Asker: 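Dumping the structure here so I can ask a few things about it.
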2 protein chains.
Amino acid sequence: MSDFSCYKVGRQLIPEIDVLLKKRFRILQAIHAAGPLGRRTLADFLHVTEREVRNETTLLHEQQLIEIGQKGMICTQLGYEVLEQLKPLYYELSGLAQKEQQLAEKFGIERVIIIPGSFRSEASRILLGKEASKWLVKLVQEGSKIAVTGGSSVAAIAPYLQPVDSMPSVKFIAARGGIGEEMSLQANILVSQFAKACHASYKTLFMPEFLSEQAYVAMKAEPSVQEIIRLYEEVDIVLHGIGTADEMAEKRGSSEADKALLTEKGAVGEAFGYYFDAEGRIVHQIRTICIQPEHVKQSRYVLAIAGGEEKAKAIEAYFKNAARQTIFITDEAAANEML
Amino acid sequence: MSDFSCYKVGRQLIPEIDVLLKKRFRILQAIHAAGPLGRRTLADFLHVTEREVRNETTLLHEQQLIEIGQKGMICTQLGYEVLEQLKPLYYELSGLAQKEQQLAEKFGIERVIIIPGSFRSEASRILLGKEASKWLVKLVQEGSKIAVTGGSSVAAIAPYLQPVDSMPSVKFIAARGGIGEEMSLQANILVSQFAKACHASYKTLFMPEFLSEQAYVAMKAEPSVQEIIRLYEEVDIVLHGIGTADEMAEKRGSSEADKALLTEKGAVGEAFGYYFDAEGRIVHQIRTICIQPEHVKQSRYVLAIAGGEEKAKAIEAYFKNAARQTIFITDEAAANEML
DNA sequence: TACAGTTGGTCAAAATTAGTCCCATGTTTT
DNA sequence: AAAACATGGGACTAATTTTGACCAACTGTA
């Protein structure tokens, strides 16, 4: 699966396959991703008419790519194989492959993966979760130490992590303390979920986000904190999201004065607790224990996850000054915004 | 062009491409073969409705695979390339590739080429001519001596022979004298046509078909006849047709007694002036000067051309005892009959 | 039991396609 | 020169397919 020459020739005689392939691929992919579901749900999901879904699914059923039960439609093994084999072609057709390439070059990083659609939609977040989990499994080695930040994008991975042979020896490490009230999206919660999902161990770092100078120094001297700082130095893989500056400030419940200060300094994005401006320069950082940029640069791989058109500017800024060994998973909406 | 894996996977999602590809390929091929021609003519040609031709040709036109002028439709360079590249796929889809293989194995010969349709139709004969001429050019070498028999199938090549670099040194040799009245299909006429078409030289053998024993012996002693017999021994390529026994007897104006004799001996087919039975055994031969079976077997290549369902039995019989180095070009009608 | 979600069936309306014929024009043959 | 022929493009009605929107029966689940 790498040579589409016969497809490209065939397309000259049968131009309609392009749209057909895309349509059906999307539907099959959605069925595969969203498990058993019915016509109407699927139609809402993909923003197409029920009729269209019905037409295509009956065909997919005839082709034995899906099974139809009373709980809804489900993707067969054959369907999954077709999906896997046609994925590069689909990406090619949708121009996603090209956009991935362009972004990777623009940012000067290892690889960019674009998920069709927008992370705002359920469908894309499912695909995101599967894709990110696939990469994580691919990158992980015996005894890997994985630093994890919070955020909804990173959280999307959780449902799709599965135990793998090498997994019991890996360790998930909270890259920093929690933020705001959304407990379920905190780094601490996520590492425990991840670890549980794949039978690995984990290390949390419970600590307030805003510390006074004295408290900060005092905490840093604590043995338990010393230990996690040492761990940060040995991190193999960093798994993190990227946020917009105002969104993060909002979530952290920053004061109006602080927000104004951030704006004044030109902060547009946030990652690992660091705010950076449009040029990727760090303009502010939270005084808390967290993984340091130099640790990130030293790690073997960085898996960055962020999507949604509203984050486009923050992402572009972040990658002005990011680790080369980054693999970035984003969505079509953000990718289009950035190109 | 040899790996259709992506096509085969894609077909699972888009089963309709099969029929579409076949339909459009046929139309494009016909336009390419039959030169500039109009909708209605083309429709008759392919036995489809005018509407269908119209639909497909407008599409082909949009795809710039054909051009539409006032003399009719004509295949563009791009169209020709698509045609060439998709041909193996088309053969695969139509099952022709498989049938070719089966026949080649059944007959124990080098290669079988099946032309879509039936040689009775103009369209197929044009394709036959082009294909056969392509093979002839491929097989020919500097100084090749090519023995040629008569018949409508062999005659179909003439319009498509073109001068090639090595051609001036080759020599076309009439494999035997003329038959019947149809001058234009006689071996003698054909060799001169062929030679003229590709700027080669030729050798004719004008002689009655039926000789008395004395005349036969006398003729054989003639220096000019001796010369051509010597040429037969040095033939590199044999280009011949295969006929049914009764058809040939009819053409030769044989007497009822002779016909009865042939029937009695079980003759079903004819080639090079030899009649053979269902087992490929020679049961009768015309007393005239012509190329000998052993010369044929010694030649580098044999290009046999015969089609039409009525010839199926004769063909099968002939190949019971034919040279292994034969390349056989036939039509779909005969192929289906034989399988 | 009530409910939310599923498939498969149905059916009229809308849209598309198929099947013809015609015509002005250019080409070939007479 | 004239006539016969073949061409693409236009046009229009009938037939067919597609669409959109229901409803009934069924099945797990709360």
Side-chain angles (χ1 to χ4, degrees), chain A residues 13-24 26-76 78-79 121-123 126 159, chain B residues 13-24 26-76 78-79 121-123 126 159:
Chain A
L13 259 194
I14 318 180
E16 51 267 57
I17 51 179
D18 268 33
V19 43
L20 282 178
L21 183 67
K22 276 197 265 186
K23 192 181 1 174
R24 291 180 191 161
R26 255 165 59 82
I27 290 178
L28 184 55
Q29 191 182 47
I31 292 174
H32 175 246
L37 82 173
R39 284 197 308 255
R40 277 168 279 262
T41 319
L42 185 54
D44 297 347
F45 215 67
L46 297 173
H47 303 113
V48 293
T49 67
E50 180 192 335
R51 201 4 96 138
E52 191 161 10
V53 167
R54 197 169 182 174
N55 289 339
E56 304 307 328
T57 50
T58 47
L59 186 142
L60 292 178
H61 186 229
E62 282 168 7
Q63 295 296 114
Q64 307 184 353
L65 301 177
I66 61 173
E67 274 170 6
I68 298 184
Q70 270 143 350
K71 298 175 76 174
M73 297 168 290
I74 195 171
C75 185
T76 64
L78 179 60
S121 78
E122 180 67 11
I126 293 172
Chain B
L13 259 194
I14 317 181
E16 50 265 59
I17 50 178
D18 269 32
V19 44
L20 282 178
L21 184 67
K22 275 197 266 186
K23 191 181 4 174
R24 290 180 191 161
R26 255 166 59 84
I27 290 179
L28 183 56
Q29 192 181 45
I31 293 174
H32 174 246
L37 82 173
R39 280 199 312 258
R40 281 166 277 260
T41 318
L42 185 53
D44 297 346
F45 216 66
L46 297 172
H47 303 113
V48 292
T49 66
E50 179 192 337
R51 195 15 90 156
E52 189 160 12
V53 167
R54 197 168 183 174
N55 290 338
E56 303 308 330
T57 51
T58 47
L59 188 143
L60 292 177
H61 185 230
E62 283 166 9
Q63 294 296 114
Q64 308 185 350
L65 301 177
I66 60 172
E67 275 170 7
I68 298 183
Q70 271 146 349
K71 299 174 77 173
M73 299 168 291
I74 195 169
C75 185
T76 64
L78 179 61
S121 78
E122 180 66 12
I126 293 172

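Below, read A as the first sequence line, B as the second, and so on, with proteins coming before strands; counting in each chain starts at 1. Values reported hereafter were calculated over all heavy atoms of this structure, with side chains retained and with hydrogens, waters and symmetry mates removed. For clarity, every value in this text was computed on a predicted model and none was experimentally measured.
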Asker: Any chance CD of Q64(B) has more than 12 other-residue heavy atoms, nucleotides or ligands included, within less than 6.0 Å?
Answerer: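 Incorrect, the count does not exceed 12.
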
Asker: What I'd like to find out is whether the side chain of M73(A) reaches to under 4.5 Å of the side chain of L60(A), using heavy atoms alone.
Answerer: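 The answer is no; the side chains never approach within 4.5 Å.
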
Asker: Show me the pairs that pass ring pair (Phe, Tyr, Trp, His ring centres under 6.0 Å) and involve residues 27-51 of chain A, at least two apart or across chains.
Answerer: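 Only H32(A)-Y80(A) qualify under ring pair (Phe, Tyr, Trp, His ring centres under 6.0 Å).
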
Asker: Between protein and nucleotides 5-18 of chain C, map the contacts as a letter string: B base, S sugar-phosphate only, - none, heavy atoms under 4.0 Å, written 5' to 3'.
Answerer: -BBBBB-------B

Asker: Do you know which two heavy atoms are closest between L28(A) and C75(A), and how far apart they sit?
Answerer: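 Heavy-atom minimum between the residues: CD1-SG, 3.9 Å.
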
Asker: So if I take the C1' atoms of five pairs at each end of the helix from dT1(C)-dA30(D) to dT30(C)-dA1(D) and get each local axis, what angle do the two axes make, rounded to 10 degrees?
Answerer: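 Here the helix ends are tilted 30° relative to one another.
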
Asker: Indicate yes or no: at least one non-hydrogen side-chain atom of L59(B) is less than 4.5 angstrom from one of N55(B).
Answerer: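 They are not in side-chain contact.
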
Asker: Whole angstroms only, please: what is the CD1-C1' distance between I74(B) and dG8(D)?
Answerer: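 Whole-Å distance recorded here is 15 Å.
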
Asker: Please find the pair of heavy atoms, one from T57(B) and one from I66(B), that lie closest to each other, and give the distance.
Answerer: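 That closest heavy-atom pairing would be O-CD1, 3.5 Å.
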
Asker: Over all heavy atoms of both residues, which pair between P15(B) and R24(A) is shortest? Give the atoms and the distance, please.
Answerer: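 That would be CD-NH1, 4.1 Å.
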
Asker: Are E16(A) and L20(B) side-chain neighbours, meaning at least one heavy-atom pair lies under 4.5 Å?
Answerer: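 Yes; the side chains approach each other to less than 4.5 Å.
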
